[in-house]
Amino acid sequence: MRIWFKIFKDNHLLKDTVITDDSDDTRTHKIFHALEQACYEFDLSKPLWLDSTITEFKRHDKARFYQDNFVEEIDFDFLEIHVIEE
């Protein structure tokens, strides 16, 4: 599984990374683990999965984490997660 993480501000891509997980773990665990790795790499606190975020992710294999998803203040508009290969 490959998951692409992107940070945007003012419709510009600031940072991105792709996390690859070839383990035998469940899909959900792979996604949570990749999110944890990306947040560590970007020096961010882990965002909260709100109901709207979960619904969007289930529907499109893509979700955006806005300020509402983070406990701390963020200096960008959103963090996007996108499953690009399973």
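These numbers come from a predicted model, not from an experiment.
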Would you compute the distance between atom NZ of Lys15 and atom CZ of Phe5 and round it to the nearest 0.5 angstrom? 14.5 Å

Kindly say whether Ser23 contributes a backbone atom to a donor-acceptor pair with the side chain of Asp21 at under 3.5 angstrom? yes

So, taking the atom named NZ in Lys62 and the one named CZ in Phe57, what distance separates them when rounded to the nearest 0.5 Å? 11.5 Å

With hydrophobic residues grouped by side-chain heavy-atom distances under 4.5 Å, do Ile19 and Met1 end up in a single group? yes

Among Ile81, Ile3, Val83, Ile84, find the one that has a side-chain contact (heavy atoms from CB on, under 4.5 Å) with Asp61. Val83

Just list the side-chain donor-acceptor pairs under 3.5 Å for residues 37-50, sequence neighbours left out, or say none.
{"from": "Gln37", "atom 1": "OE1", "to": "His33", "atom 2": "ND1", "distance (Å)": "3.3"}
{"from": "Glu41", "atom 1": "OE1", "to": "Thr17", "atom 2": "OG1", "distance (Å)": "3.4"}
{"from": "Glu41", "atom 1": "OE2", "to": "Thr17", "atom 2": "OG1", "distance (Å)": "3.0"}

Contact between Tyr66 and Thr53 at the side-chain level, heavy atoms closer than 4.5 Å - yes or no? no

For Asp77, check side chain to side chain donor-acceptor pair (under 3.5 Å) against everything at least two apart and list the hits. none

Take the angle between the ring planes of Phe76 and Phe70 and call it parallel below 30°, perpendicular above 60°, tilted in between. perpendicular

Rounded to the nearest 0.5 Å, how far does CZ of Arg64 lie from CG of Asn69? 12.5 Å

I'd like to know if Phe65 and Ile74 are part of one continuous hydrophobic network [Ile/Leu/Val/Met/Phe/Trp/Tyr, side-chain heavy atoms within less than 4.5 Å]. yes

Does CD belonging to Glu86 count more than 12 external heavy atoms closer than 6.0 Å? yes

Quick one: does Gln67's side chain have a donor or acceptor within less than 3.5 Å of a partner on Phe78's backbone? no

